[in-house]
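By convention in this document, chain letters (A, B, ...) are assigned in the order of the sequence lines, proteins followed by strands, and residues within each chain are numbered from 1.
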Amino acid sequence: MTTETQDATTPAAGPAAEAPAVQHPYIPLTDDDRAAMLATVGAASTADLFADIPAPHRLPALDLPDALSELELLQAMQALGANNRVATERACFLGAGAYRHFRPSIVEPLVMRGEFLTSYTPYQPEVSQGTLQTIFEFQSLVCALTGMDVANAGMYDGASALAEACLMACAVTGRRRIAVSDRVHPHWLDVVRGYARGRGIAVDALPHGEFTLTGEHACLAVAQPDFFGRVSADAGVWGEAAHAAGALFVVAADPVSLGLYRAPADYGADVVVAEGQALGVPLSYGGPYVGMFACRERFIRQMPGRIVGQTADLDGRRGYVLTLQTREQHIRRERATSNICTSQQLIALATAVHLAALGPRGLRRVAELCYEKAHYAAAALDALPGYAVERDEPFFHEFVVRTPRPPAEINRALMERGIIGGLDVSDLLRHRMLLCVTEMNTRAEIDALATALEELA
Amino acid sequence: MTTETQDATTPAAGPAAEAPAVQHPYIPLTDDDRAAMLATVGAASTADLFADIPAPHRLPALDLPDALSELELLQAMQALGANNRVATERACFLGAGAYRHFRPSIVEPLVMRGEFLTSYTPYQPEVSQGTLQTIFEFQSLVCALTGMDVANAGMYDGASALAEACLMACAVTGRRRIAVSDRVHPHWLDVVRGYARGRGIAVDALPHGEFTLTGEHACLAVAQPDFFGRVSADAGVWGEAAHAAGALFVVAADPVSLGLYRAPADYGADVVVAEGQALGVPLSYGGPYVGMFACRERFIRQMPGRIVGQTADLDGRRGYVLTLQTREQHIRRERATSNICTSQQLIALATAVHLAALGPRGLRRVAELCYEKAHYAAAALDALPGYAVERDEPFFHEFVVRTPRPPAEINRALMERGIIGGLDVSDLLRHRMLLCVTEMNTRAEIDALATALEELA
Amino acid sequence: MSTQILEKTLMELSHAGRVGVTLPESDVPRSAERPPAALLRDELPLPELSQLDVVRHFTRLSQLNWSIDTHMYPLGSCTMKLNPKVNDAIAATPAFAEAHPMQPAEDVQGALAVMHGLQRMLAEITGMDACSLAPLAGAQGELAAVLVIKAYLESIGEHRTTIVVPDSAHGTNPATASMAGFDVVAVKPQPDGDMDLDALRAALEEHGPTVAALMITLPSTLGLFDRNIVRIAEMVHAHGALMYGDGANLNAMLGQVKPGDLGFDAMHINLHKTFSQPHGGGGPGAGPIVVSARLAPFLPSPHVEQVDGRYALADPPHGIGRLGAFHGNFGVLLRAYAYIRSLGADGLRAISEAAVLNANYVQARLRGAYDLAHDRTCMHEVLFSGRRQKAHGAKTLDIAKRMIDYGYHPPTIYFPLVVDEALMIEPTESETKETLDAFCDAMLEIAREAETQPELLREAPHAAPLRRLDEATAARKPILRW
Amino acid sequence: MSTQILEKTLMELSHAGRVGVTLPESDVPRSAERPPAALLRDELPLPELSQLDVVRHFTRLSQLNWSIDTHMYPLGSCTMKLNPKVNDAIAATPAFAEAHPMQPAEDVQGALAVMHGLQRMLAEITGMDACSLAPLAGAQGELAAVLVIKAYLESIGEHRTTIVVPDSAHGTNPATASMAGFDVVAVKPQPDGDMDLDALRAALEEHGPTVAALMITLPSTLGLFDRNIVRIAEMVHAHGALMYGDGANLNAMLGQVKPGDLGFDAMHINLHKTFSQPHGGGGPGAGPIVVSARLAPFLPSPHVEQVDGRYALADPPHGIGRLGAFHGNFGVLLRAYAYIRSLGADGLRAISEAAVLNANYVQARLRGAYDLAHDRTCMHEVLFSGRRQKAHGAKTLDIAKRMIDYGYHPPTIYFPLVVDEALMIEPTESETKETLDAFCDAMLEIAREAETQPELLREAPHAAPLRRLDEATAARKPILRW
Ligand SMILES: Cc1ncc(COP(=O)(O)O)c(C=O)c1O
Ligand SMILES: Cc1ncc(COP(=O)(O)O)c(C=O)c1O
């Protein structure tokens, strides 16, 4: 019954059949739409609409890969993704500013709701109460975590939040020099330097713990835990030193650690910044994350970024609006506190949902699990011949290990065993590795790490 | 600085710390809630509320695995999932009633919106217009695909839809015997037999194409394409034969094939059923899927299942309601057309979103790609020594290959090469394998299959 | 701005030429073998939309729905509880979502392990011996179980043709009995809501050896635990008939009592009620059945068995065959498995306790304002009658519609049929006391409104996307498609 | 039923003891090493909610938002276009979402390949030589580019301190200039909307050798393509200054013209406008910069390079350093990459054509009813002035609020500042002609209402979740947290 003949005009199988010019799903205009619209516009062709472009430069060649259909795109991206060796099916002991934590399953479906995902910055409050209230809640949660009076709607990330905090300290104090601990994450320090350089502000990176300030310093900025994971009991002393010099005390905190450790407000912080990623945000090769920014009430008019405030509508019903906008670039232009405009709202929302799901017990439990497992791991590694854990100061969930061989070599060997090792910090400290252990690491993983390291000694 | 002493009452790290009794996130009542509520109820304890249960049987032991936290649950399920060897990273040539097709990325986020996902059957139309209108659209889409007059809101799956169609034919004709082609999917035939047995209706499985009916037959039910993937040009003749015998002509269609092939209404179908899974629904080890059910207008009051109709509200605004409910179990009880109540609405919605995304061009393109690739594969396999494709009848995207060795053996070897082979149909036809090729199979996959089979000959 | 149309249909949004998604070109040469022209269709009248229009259409439609994720939804007999998102996440993982139902057992051991585990756990929770996961919803579970009973009775040479069903039963019970080829004999409850033992005795005696089974819901559709249940089972068994339990209300009994211990022979379970499968606006659900040992050989296909540590699909020796094309609604089974493992024995018990306490709390708070169908401790749901309000001029339907204005989805109304103006509230364990209090406050306010301004109720809802719809015309002149 | 509160806050919903998710017990022995008690906190005043309450809270809040997925959102300068869900799906795949930013390059070749490809494609689209993906939003891109210019100028011994910015510019331009340590000199447009060349000449001459750059938006924030752009670039270059392009409006130029060909030296691109990254209610976005060859050595860190077929992160030799902790908003970059690959050169060109045609269509349909700021062919957005309506008693703000009643998100208003009662409409390529027509019909109706019943506009919106909000009190007595 196989039929071999077929009328060439039959709408038939196969790509050779002459399909009508295919529309793109992202562009609804059809040929008839276009014709009708051009007639209304009074133009002969769409090309006419581009007549203001200097003719020699119009319609340049574009050397781009051919368009992919959605299926091909997904296949291509799957192939690319296969070249990443990620933590999904491996044990991961890498931290250093980006942390693998449990993300409750409710976070993603809520955050990815189209109404949150595809709305703009809430300029029209009557139809943006969803975003506005979640920002108000985010601000409140950041205050609760840090113990500070006020917080903004979020910054690009923790590092730029620290930089903006230092700039704010300069604006507040009228000084043009900032002091930063050299145990702040080196990348963050680099960001601070960049922002400071723009404004012509000097940066002193002071040896951690030895903070000698002068009357020139606008602030002292420290990280707690520091880059090597250590939590210092001296933070209160540093804060006093800063205040004694008339400087602000700026603390960069890990938000998960705040489930267990004292709020920076309690030891004198004037500004607290944090990288929010640890609260429900995927690693995503480094971004998008969100910076948390909180400070004392008296600085609110010098804060950078969006701020949401509570108010009422004409009928007296509670509502929220963007407020204190006279600080911002769209009103104050070159005299704005910062140029920041679009920030990381959706990620701020993710952290809010995450915290709402965890609650105080959940966050404390996560912090405790990190603490316990990291200390279990540290003890296990410290016991290995050839390895030594640096334990001169208390730590939270990251610690430094001295390795018998260059860490890069060890890491390559660990990867073959399905383990993502710690950060090679040999550039800072010879033969050292910075390891991170969180609630995501099972005891079996930690034991496997110890076994592997022993073999690699 | 390591501190080894710690006050036992400090809210401290580690599981040994005496946390307050942990609530479960699925149960919001706290101890104080419970106490207040019991006081209002006038009961001393919740146990009192269960006093009607015969005492000897109360609070039995339950031997269940310990509760898992969400993280542990996800880890446990990931470990279980790792024991499935699925098509994600393998080429798959398995069909036989469940098909791997491209699912546009918009389907899942829309279908999984909480408002669709977590609502009940739309008994209260004022607050259920979302579900109701999507059902109306689903019904309309099923009519468009099949060419029929009316469709219902969906059945459990294609197989049970076929069974219900046969029962409806009995109700319509007042006859108690049904004729079914023996090339209907064997599982479907089994379902038909089960439903028929309940009502005491006889089933004749007739050799495909040789449909001799009598005045006793309520219907002739065929599959087009049939279980072996063949599309017959004789369907019109069968329909006439059924009608000549006073029986209904029931067609089980593949919905993707309807992007290319004639609508069953065009060749005389009185009832058309289909498995909707091929339209945007994941394989999900066999369910949940959705049965499509469409028929001629004159049968609407005998149809099983929910039906949505258009109407208006008190202000004349268009709206939709569940209608023709006097057919249904909750009104008509033992005289209902079927006992079906909860069906597969969310899956019906997925097929509607899928079809809306594809449109007529997209569905035709998918069908064409299936056709071309299946025929390319068939030609390649037919050319292999030891293999022969059965090509006595035209086919769509599935075909039968004679294999030189038992198909089960071949499939095991294919799996080692990362290929999920075809269905072993040796129980029906010796040394035969039923293969399916869709738009998801690249040419490279098909070539790899041919190479592998050649090696295995 | 009130428009006549809340949202256009897909067809009204369609414009020739638009597409919602791109598809690849073919990467194989065009086959020389062409499909016979006579087999091809020439028109395919599907709507044509851009991607944004598709997304916007369904997003907007979704917002017209109320749901558990947005509102308290105390629909009696429906157990509208929290649907944990973690279960959805698990069901969406490719390792499960991409498993093909026809793959050899050796390649889907993970899926089979889940099914085997769920079979065991459901049998344990209900105190029964065997379980089949094949039924695709509650009603199909009923059908399967009744067919199993029929097959069993036939196997021992009994040809019984009658099933006794209380007239308070859910409509699927009699409809199922009739689909399975049985005649239905109804029995009424006594005034306290328990089954009337005399009526049952009379029915059993009248229909004597033709009675195959009693289909009974426990707790009953009146929200009550029948205090005579053990006695009832004895009476039924004494007549050689079997006890079938409609398990839709299992949420009240988790870890509190096992139906198997009470003499039940077979029972279906609604995973989309007790075990948190989202309702999806009308499915998918799943209706596994659990049975006593003597019925096990008659279970439907397939059944998951474990042999030498490997799982396999098997056909029970005298089974009633398949109920659907494959192995049940696997994605639903997976969610139920995850749910049970999230709770464990203590968690399940706590679920029932909270569900029952919540219902009794609502009963206590509302009993002054609404007539109770039966004034006694209820189980997971409480049944009122709106007859007092009806006397004031506001029917149960009006009360229900008025609840919408207060932001609560109406409860189940006019079911069960045996109670005048029935209004059945099932709060489930998922709601907080604060929500229950606000709900009760609203109900009390509505009761006051029913007395003082019943027209307010009769015209409700006032604050929904639409006002009341004309159902009569819809049924008389059906418009079922665009 | 009007409640005083649309949705309680998390804290108002909190009840001590509730939890939203379970966490595991520890599987390791308790460490003997305890954290010093002095370091521990004793209170942690976070809200405590059940899982259902969390889900319901955020679901309900989301419904109070309007968005591209629900409404036309013609916000000028913001390019509120379709955000394809396939891009979200890709960004969510574990292979990308679980990649750690500190992993060695050899283990993240997939991620680096995406970044490298995007660097190349963005450079190609804009006709520039090099690209950095590090900036985390448009404003940070501006800052990065201006710092790059500064570093470059310093490297050739030029210490220039002034940046010229048209006063129609977006606020981030002057704010950026000042963050980078420059003084800002403003120039006005001429009446036809193009830059006033005399004013520019005067500014360049007055500030002479101190001028580092002109920051100019193309098409301009007036929605116009400056016909003198090549001349402008020549003038700027003649003074030894550089041309900085604000690329927020790139959607009008894809495949139509390459800024690099017109003489631009540096430019930032808003991936969250032109390249379909969803706005997320205010980010995340990404603001990659593209530069000419002479600026490339000064780009920020990290830059992705390909050596021997392997990708690696590198620091440009004289780079300005890092802008954020890691490598840019990778998830956003990934979406933009997927978007460009979905469209190819022809698709991108078609995007611009449709965006520009749509804007001109709106202009043609509304020009009779609203005053145009400049009556000439516009690009991807059209700029009206509400001055005629203001004379009737309805300001642009009132028009905007009234649009809400008709179901359209208001356009951008009061920007740019140089146009009186500005009302800037950017329909994007994503809307259908039907939607544009309905939108224009509504705008025409509103124009009529402005004449006949301006109070209707002044009191609008009437049909939103809230009426107008008291912004003055919010700023005067700030309540910024619970
Ligand atoms: C008591 C009772 N029995 C049976 C059923 C039928 O279950 P399903 O709708 O899953 O078929 C229901 C559900 O509506 C019910 O409430
Ligand atoms: C013209 C113009 N330039 C710059 C920006 C700043 O971009 P972003 O908000 O990403 O910082 C915007 C966006 O608001 C804009 O419209």
Side chain from CB out, backbone as N, CA, C, O: work out which of these in [X] comes under 4.5 Å of a heavy atom of chain D, or both, or neither.
{"X": "A:M415", "result": "side chain"}
{"X": "A:R113", "result": "side chain"}
{"X": "A:A336", "result": "side chain"}
{"X": "A:Q78", "result": "neither"}
{"X": "A:Y376", "result": "side chain"}
{"X": "A:L349", "result": "side chain"}
{"X": "A:I300", "result": "side chain"}
{"X": "A:D63", "result": "both"}
{"X": "A:I420", "result": "side chain"}
{"X": "A:I27", "result": "both"}
{"X": "A:T442", "result": "both"}
{"X": "A:I53", "result": "both"}
{"X": "A:L29", "result": "side chain"}
{"X": "A:V308", "result": "backbone"}

Query - Working for side chain to side chain donor-acceptor pair (under 3.5 Å), residues D:S62 and D:N65 - result: CA-CA 6 Å; D:S62 78; D:N65 264 11; over 6 Å; no
Report task. Sort out for me which of D:L147, D:V55, D:T70 touches chain A most, counting heavy-atom pairs under 4.5 Å. Result -> D:V55
Report summary line: Heaviest contributor of heavy-atom pairs below 4.5 Å to chain A, chosen from D:A99, D:A475, D:G20, D:P300, is D:A99
Per-residue contact mode, [X] against chain A (heavy atom under 4.5 angstrom):
{"X": "D:M80", "result": "side chain"}
{"X": "D:N358", "result": "both"}
{"X": "D:L343", "result": "both"}
{"X": "D:H71", "result": "neither"}
{"X": "D:L348", "result": "side chain"}
{"X": "D:L23", "result": "both"}
{"X": "D:P104", "result": "neither"}
{"X": "D:L75", "result": "side chain"}

**Report entry** Salt-bridge present (D:R349, D:D346; N to O < 4.0 Å)
**Finding:** yes
Please determine, by modelled atom types, if [X] and [Y] share a side-chain donor-acceptor pair under 3.5 angstrom.
{"X": "D:N329", "Y": "A:Q344", "answer": "yes"}
{"X": "D:E142", "Y": "D:T172", "answer": "yes"}
{"X": "A:T311", "Y": "D:D470", "answer": "no"}
{"X": "A:Y120", "Y": "A:Q345", "answer": "no"}

Query raised in the report: Most heavy-atom pairs under 4.5 angstrom with chain D, which of A:L74, A:I347, A:L314, A:V290?
Result: A:L314
Report summary line: Of A:R332, A:Q124, A:E108, the largest count of non-hydrogen pairs under 4.5 angstrom with chain D goes to A:Q124
Look only at the side chain of [X] and the backbone of [Y], and say whether a donor-acceptor pair between them is shorter than 3.5 Å.
{"X": "A:E137", "Y": "A:A352", "result": "no"}
{"X": "A:D315", "Y": "A:R317", "result": "no"}
{"X": "A:N84", "Y": "D:A111", "result": "yes"}
{"X": "A:R365", "Y": "D:P24", "result": "yes"}

Which class fits the ring pair [X] and [Y]: parallel under 30°, tilted 30 to 60°, perpendicular over 60°?
{"X": "A:H185", "Y": "A:H187", "answer": "tilted"}
{"X": "A:Y285", "Y": "D:F330", "answer": "perpendicular"}
{"X": "D:F326", "Y": "A:Y289", "answer": "perpendicular"}

Report summary line: The single option from A:H375, A:K373, A:E368 that satisfies side chain to side chain contact (heavy atoms under 4.5 Å, CB included) with A:Y371 is A:H375
Query - Check: A:Y123 and D:H409 side chains under 4.5 Å, non-hydrogen atoms - result: no
